[in-house]
Amino acid sequence: MAIEFDGEFTVDTSRDAAFAVLSDVQKFSPMLPTYQSHELCDDGSCNVTVKVGVGKIRGNAIVNLALTEHKEPVSATYAGKGKIMGGAFNLLAAFDLHDAGHGGTRIVWRGELTIFGKLVSLAGGLIKPVAGKQIQELVDAIQASLAGAVSPADQRSRQSQ
């Protein structure tokens with residue numbers, strides 16, 4: 001099952017500053033929804049532990065997340081792979097940064113999630129709405145981080161209260 005998402009938003013942050021956040025796996029990882037922890041690998045990728053759940057199916061997943069392409073301060077692309085509940089998934093998150101004038105940046109993003117295995121057969125139709133919600137949470141966390149409003153961890157803490 002493949003699910004694709006895309007969108008754009010504008011922040012009052014320079015392209016250089018936005019690129020610095022979006023191209024650093026250690027800054028980007030904590031913005032993932034349901035983030036638990038991360039560990040930097042020798043190859044520059046990052047093993048990120050996230051909570052996952054669709055309906056009553058719950059667990060943790062470790063995503064190996066790597067910055068696969070980047071061009072300063074124009075674009076950053078991440079690829080991730082993980083295993084969960086008798087299945088596997090691949091993800092892609094790409095960001096193109098454009099000058100929005102007055103020091104701001106327009107960020108055009110796209111994402112793809114491909115899931116294989118038991119989870120698709122067990123949770124089928126629930127996956128896309130849950131993934132859509134989590135993509136929106138990621139976009140919100142990126143916007144908040146780039147705006148300097150709150151850190152992703154603080155934002156999640158406030159949401160859980």
Side-chain angles (χ1 to χ4, degrees), residues 1-52 54 61-84 87-116 120 127-156 158-159:
M1 167 183 268
I3 305 168
E4 295 182 6
F5 298 94
D6 60 18
E8 65 179 72
F9 57 91
T10 302
V11 292
D12 292 329
T13 305
S14 71
R15 279 196 328 170
D16 289 331
F19 180 82
V21 170
L22 293 174
S23 65
D24 183 333
V25 71
Q26 292 195 83
K27 291 178 183 175
F28 181 76
S29 295
M31 290 188 271
L32 294 172
T34 69
Y35 167 86
Q36 296 293 301
S37 64
H38 70 273
E39 181 179 331
L40 192 60
C41 301
D42 290 339
D43 65 1
S45 68
C46 197
N47 286 330
V48 184
T49 302
V50 293
K51 285 184 183 180
V52 291
V54 179
I62 297 177
V63 182
N64 180 260
L65 190 63
L67 183 65
T68 56
E69 298 178 27
H70 62 285
K71 182 177 179 185
E72 189 174 349
V74 178
S75 63
T77 301
Y78 286 93
K81 293 183 179 197
K83 293 183 180 183
I84 180 168
F89 61 91
N90 296 328
L91 63 88
L92 173 84
F95 304 93
D96 293 318
L97 290 75
H98 305 274
D99 183 13
H102 306 291
T105 302
R106 182 171 59 96
I107 299 173
V108 179
W109 61 270
R110 63 184 169 81
E112 183 176 310
L113 174 65
T114 306
I115 303 173
F116 314 92
V120 174
I127 294 173
K128 188 170 183 174
V130 169
K133 179 180 180 241
Q134 291 190 345
I135 294 290
Q136 188 58 55
E137 289 175 7
L138 173 61
V139 168
D140 292 346
I142 292 169
Q143 287 178 294
S145 179
L146 294 177
V150 293
S151 73
D154 289 343
Q155 183 180 29
R156 273 192 298 284
R158 290 179 185 176
Q159 288 174 347

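These numbers come from the heavy atoms of this one structure, side chains and all, not from hydrogens, waters or symmetry mates.
Classified by interplanar angle (parallel below 30°, tilted 30° to 60°, perpendicular above 60°), the ring pair Phe95/Tyr78 is perpendicular.
Between the CD atom in Glu39 and the CD atom in Gln26 there is a gap of 10.5 Å [rounded to 0.5 Å]. Taken from CD in Glu4 to CG in Asp6, the straight-line distance is 8.5 Å, to the nearest 0.5 Å. Rounding to the nearest 0.5 Å gives a distance of 7.5 Å between CG of Leu40 and OG of Ser45. Taken to the nearest 0.5 Å, the CG atom of Leu67 stands 9.0 Å off from the CG atom of Asp24. How far OH of Tyr35 is from NZ of Lys51: 13.5 Å, rounded to the nearest 0.5 Å. In this structure, CG in Leu92 is found 8.5 Å from CD in Glu69, a value given to the nearest 0.5 Å.
Residues Asp16 and Pro73 form a side-chain contact, since some pair of their non-hydrogen atoms from C-beta on lies under 4.5 Å apart. Looking at Leu146 and Asp12, their side chains never come closer than 4.5 Å, going by heavy atoms from C-beta outward. No side-chain heavy atom of Ser75 sits less than 4.5 Å from a side-chain heavy atom of His70. Val48 places none of its side-chain heavy atoms less than 4.5 Å from the side chain of Ile62. Put simply, the side chain of Leu138 does not reach to within 4.5 Å of the side chain of Trp109, judged on heavy atoms.
Side-chain atoms of Thr105 come within 3.5 Å of backbone N or O of Thr13 as a donor-acceptor pair. Using modelled atom types, one side-chain atom of Ser29 and one backbone atom of Val25 make a donor-acceptor pair closer than 3.5 Å.
The one candidate from Val11, Val21, Leu22 that meets the side chain to side chain contact (heavy atoms under 4.5 Å, CB included) condition with Ile142 is Leu22. Screening Val108, Thr10, Val74 against His98 for a side chain to side chain contact (heavy atoms under 4.5 Å, CB included) leaves a single residue, Val108.
Across every non-hydrogen atom of Pro33 and Glu137, the tightest pair is CB-OE1, 3.4 Å. Nearest approach of Thr77 to Ala94, heavy atoms of both residues: OG1-CB, 3.6 Å. Shown here for Ala79 and Thr68, the closest heavy-atom pair between the two residues is CB-CG2, 3.6 Å. Closest approach of Lys83 and Ala61 over heavy atoms only: O-CB, 3.9 Å. Heavy-atom minimum distance, Gln134 versus Thr34: NE2-CG2, 3.7 Å. Nearest approach of Ala18 to Leu97, heavy atoms of both residues: CB-CD2, 3.6 Å.
When only modelled atom types and interatomic distance are considered, Asn90 and Thr114 share no side-chain donor-acceptor pair under 3.5 Å.
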Quiz item: Can you check side chain to side chain contact (heavy atoms under 4.5 Å, CB included) on Cys46 and Asn64, steps first, answer last?
Solution: CA-CA 6 Å; Cys46 197; Asn64 180 260; over 6 Å; no

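Judged as a salt bridge (charged side-chain N to carboxylate O under 4.0 Å, His left out), the pairs with a partner in residues 93-116 (not counting sequence neighbours) are, in order, Glu8-Arg106.
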